Amino acid sequence: MLSVENQIVLITGASSGIGAACAKVFANAGAKLILAARRLERLQELVQTLHTSSVQFHLLQLDVSDRSAVESAISTLPPAWSEIDILINNAGLSRGLDKLHEGDIQDWEEMIDTNIKGLLYLTRYVVPGMVKRDRGHVVNIGSIAGHQIYPRGNVYCGTKAAVRAISEGLKQDLLGTPIRVSSVDPGMVETEFSEVRFHGDSDRAKKVYQGVTPLTPDDVADVIFFCVTRPSHVNINEVVLMPVDQASTTLVNRRT
Ligand code: NDP
Ligand code: 8X3
């Protein structure tokens, strides 16, 4: 097993859910964390909860969909933080659950700009340094939605199918280097995801998880940690993980 001790790990979307859970797992393993999200105060609260007092962190208030902000954030990292070993492209969101022909175009733009373009910007600005240093690992957070389309999921599913294709393409383009690329694709995880999807309607969001035992953010962080700690000649290309209560995007065992 590879150690992540003193490895520099950049986690996007670290202010909540899966990203915050990753911060905890990697902090406990002695990694140095660059935590990025738009809500800086949430990142500040998170680092207070990280148990080891010796955790080294660097916070970035960053909107991943803002190309020039991403370029500037990466190119102006302090020297002690600039050699990123592991990039976890986790920032993402769904907006709305509407029929395509009735969808809100602003919702589409936000999903495409964040889930696809944001992930691409981070990759484009971080991976050249990995290539130069001859080491690195990119973990993209996809979704079961990138494998199976569900009614009204249209554009969100499209963005996650794109993440899947981009992960595969990046792996191909990095062939001949030691840099690894993994896609971790969960089913239902209880986070702020549904609240964001329904624009803050928390009653509707709670119903998504009613009567089922969803994955927790820690479950997903464990799998991400597993991927990056395999021996250096092993590349986990893709992991699909689902709650036992979920067989597909549309087949969910609800007990109530
Ligand atoms: P959360 O809503 O809890 O977390 C999403 C994170 O993404 C937040 O930290 C948010 O931070 C960040 N984020 C959103 N937009 C931007 C942006 N423009 N710039 C920077 N950060 C941004 O949801 P999850 O933890 O569930 O989502 C994490 C990833 O997991 C997403 O890619 C999602 O698609 C994926 N996923 C989620 C599943 C689920 O069922 N929950 C299942 C499969 C995949 P802030 O608002 O502070 O910027
Ligand atoms: C999130 C899971 O099934 O709501 O990616 O699309 S789903």
Side-chain angles (χ1 to χ4, degrees), residues 10-24 34-46 59-67 69-70 73 88-97 107 109-122 139-164 166-167 183-200 202 205 207-209 212 214-221 223-224 239-243 245-252:
L10 167 53
I11 305 170
T12 66
S15 61
S16 173
I18 296 167
C22 285
K24 280 185 255 161
I34 305 176
L35 304 176
R38 293 166 302 180
R39 290 171 295 176
L40 183 62
E41 66 291 352
R42 290 280 294 260
L43 296 176
Q44 288 162 339
E45 283 163 26
L46 170 69
L59 305 186
L60 280 182
Q61 182 166 31
L62 179 65
D63 179 344
V64 297
S65 69
D66 181 339
R67 176 183 159 177
V70 175
I88 304 180
N89 271 321
N90 163 76
L93 79 182
S94 64
R95 285 292 200 192
L97 192 62
D107 283 349
E109 309 271 24
E110 203 180 343
M111 290 187 279
I112 292 165
D113 288 351
T114 311
N115 302 359
I116 306 178
K117 292 168 77 177
L119 177 143
L120 284 170
Y121 298 151
L122 263 299
V139 182
N140 291 332
I141 310 306
S143 170
I144 187 62
H147 300 252
Q148 301 168 358
I149 314 309
Y150 53 89
R152 300 171 190 260
N154 45 64
V155 175
Y156 177 72
C157 296
T159 66
K160 290 300 182 177
V163 170
R164 206 174 159 206
I166 290 163
S167 297
S183 182
V184 173
D185 302 352
M188 206 184 252
V189 192
E190 191 162 6
T191 62
E192 293 174 15
F193 177 87
S194 293
E195 203 160 326
V196 172
R197 165 168 262 174
F198 300 130
H199 295 277
S202 45
K207 286 197 183 105
V208 173
Y209 311 105
V212 301
L215 296 172
T216 66
D218 292 341
D219 296 328
V220 184
V223 170
I224 294 166
V239 181
V240 178
L241 67 154
M242 305 280 278
D245 276 340
Q246 186 178 20
S248 72
T249 47
T250 51
L251 266 178
V252 175

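Note that this is a predicted model, so its numbers are computed, not measured. Each ligand, and each atom within it, is numbered from 1 in the order the structure gives. The chain is numbered in sequence order, starting from 1.
Heavy-atom contacts of Tyr156 reach the following atoms of ligand 1: 33 (C), 34 (O), 36 (N), 44 (C) (cutoff under 4.0 Å). Short contacts between ligand 2 and Ser143, defined as distances under 4.0 Å to a heavy atom of the residue, involve ligand atoms 1 (C), 2 (C), 5 (O). Near Arg197, with a cut-off below 4.0 Å to any heavy atom, the atoms of ligand 2 are 4 (O). Those atoms of ligand 1 that come under 4.0 Å of a heavy atom in Ser15, given as number and element, are 8 (C), 9 (O), 10 (C), 11 (O), 45 (P), 47 (O). Proximity to Ala145 (heavy-atom distance under 4.0 Å) selects the following atoms of ligand 2: 6 (O). Close approach of ligand 1 to Arg39 (heavy-atom distance below 4.0 Å) involves ligand atoms 11 (O), 45 (P), 46 (O), 47 (O). Heavy-atom contacts of Asp63 reach the following atoms of ligand 1: 17 (C), 18 (N), 19 (N) (cutoff under 4.0 Å). Residue-ligand proximity, Gly17 to ligand 1, at heavy-atom distances under 4.0 Å covers atoms 3 (O), 25 (O). The atoms of ligand 2 that sit less than 4.0 Å from any heavy atom of Phe193 are 1 (C), 4 (O), 5 (O). Contact atoms of ligand 1 toward Ile141: 30 (O), 35 (C) (distance under 4.0 Å to a heavy atom of the residue). Contact atoms of ligand 1 toward Leu62: 19 (N), 20 (C) (distance under 4.0 Å to a heavy atom of the residue).
In this structure, the side chain of Asn90 does not engage the main chain of Ile141 through any donor-acceptor pair within 3.5 Å. In this structure, Asp219 contributes its side chain and Thr216 its backbone to a donor-acceptor pair below 3.5 Å. Judged purely by atom type and a 3.5 angstrom limit, Asp245 has no side-chain atom pairing as donor or acceptor with the backbone of Val212. Between the side chain of Lys24 and the main chain of Leu46, no donor-acceptor pair closer than 3.5 Å is present.
At the shortest separation from atom 14 (C) of ligand 1 among protein heavy atoms lies Arg38 NH2, 3.4 Å. The protein heavy-atom contact nearest to atom 6 (O) of ligand 2 is Tyr150 OH, 2.7 Å. Here the protein heavy atom with the shortest distance to atom 24 (P) of ligand 1 is Thr191 OG1, 3.4 Å. When hydrogens are left out, the protein atom nearest atom 12 (C) of ligand 1 is Gly13 CA, 3.5 Å; that is the closest non-hydrogen contact. For atom 21 (N) of ligand 1, the nearest non-hydrogen atom of the protein is Ala91 CB, 3.6 Å. Among all protein heavy atoms, the one lying closest to atom 40 (O) of ligand 1 is Val189 N, 2.9 Å. Here the heavy atom of the protein found nearest to atom 5 (C) of ligand 1 is Gly92 O, 3.7 Å. Here the heavy atom of the protein found nearest to atom 19 (N) of ligand 1 is Val64 N, 2.9 Å. In this structure, atom 3 (O) of ligand 1 lies nearest to the protein heavy atom Ser16 OG, 2.5 Å.
The nearest pair of heavy atoms linking Ile11 to Gly19 is CG2-O, 3.8 Å. Heavy atoms only, all atoms of each residue included: Ala37 and Ala14 are closest at CB-N, 4.2 Å. Between Ser15 and Leu43, the closest heavy-atom pair is N-CD2, 3.6 Å. Of all heavy-atom pairs between Ala21 and Asp218, the closest is CB-OD1, 3.4 Å. Minimum interatomic distance between Leu35 and Ala23 (heavy atoms only, all atoms of both residues): CD2-CB, 3.8 Å.
Note that Arg197 lies in the cation-pi zone of Tyr156, set by a 6.0 Å cut-off to the ring centre and a 45° limit from the axis.
Residue contacts with ligand 1, taken as heavy atom pairs separated by less than 4.0 Å, do not involve Asp185 at all. Neither the backbone nor the side chain of Tyr209 comes within 4.0 Å of ligand 1, counting heavy atoms alone. Heavy atoms of Glu192 found under 4.0 angstrom from ligand 1 belong to the backbone as well as the side chain.
In summary, the side chains of Thr159 and Asn115 do present a donor paired with an acceptor at a separation below 3.5 Å, with no hydrogens or angles considered. A donor-acceptor pair shorter than 3.5 Å can be found between the side chains of Asn140 and Ser167.
Of the residues listed (Leu120, Thr114, Leu119), the one engaging Ile116 in a side chain to side chain contact (heavy atoms under 4.5 Å, CB included) is Leu120, and it is the only one.
Between Leu251 and Gln246, the closest side-chain pair of non-hydrogen atoms is not below 4.5 Å. Contact annotation: the side chain of Val184 approaches that of Val220 to within less than 4.5 Å [non-hydrogen atoms, C-beta and beyond].
Considering backbone and side-chain atoms together, Val196 places no N or O closer than 3.5 Å to any N or O of ligand 1.
Using a non-hydrogen distance threshold of 4.0 Å, Gly187 registers as a contact of ligand 1. Ligand 1 has at least one atom lying under 4.0 Å from a heavy atom of Gly142. At least one heavy atom of Pro186 sits less than 4.0 Å from an atom of ligand 1. For the ligand labelled ligand 1, residue Met188 lies inside the 4.0 Å heavy-atom shell. Between Lys160 and ligand 1 there is a heavy-atom distance shorter than 4.0 Å.
Atom CZ of Arg164 sits in a crowded spot, with more than 12 heavy atoms from other residues, nucleotides or ligands closer than 6.0 Å.
Nearest-heavy-atom check against atom 25 (O) of ligand 1 across Asp66, Ile18, Thr12 picks out Ile18.
With salt bridges taken as basic N to acidic carboxylate O contacts below 4.0 Å, one links Arg42 and Glu192.
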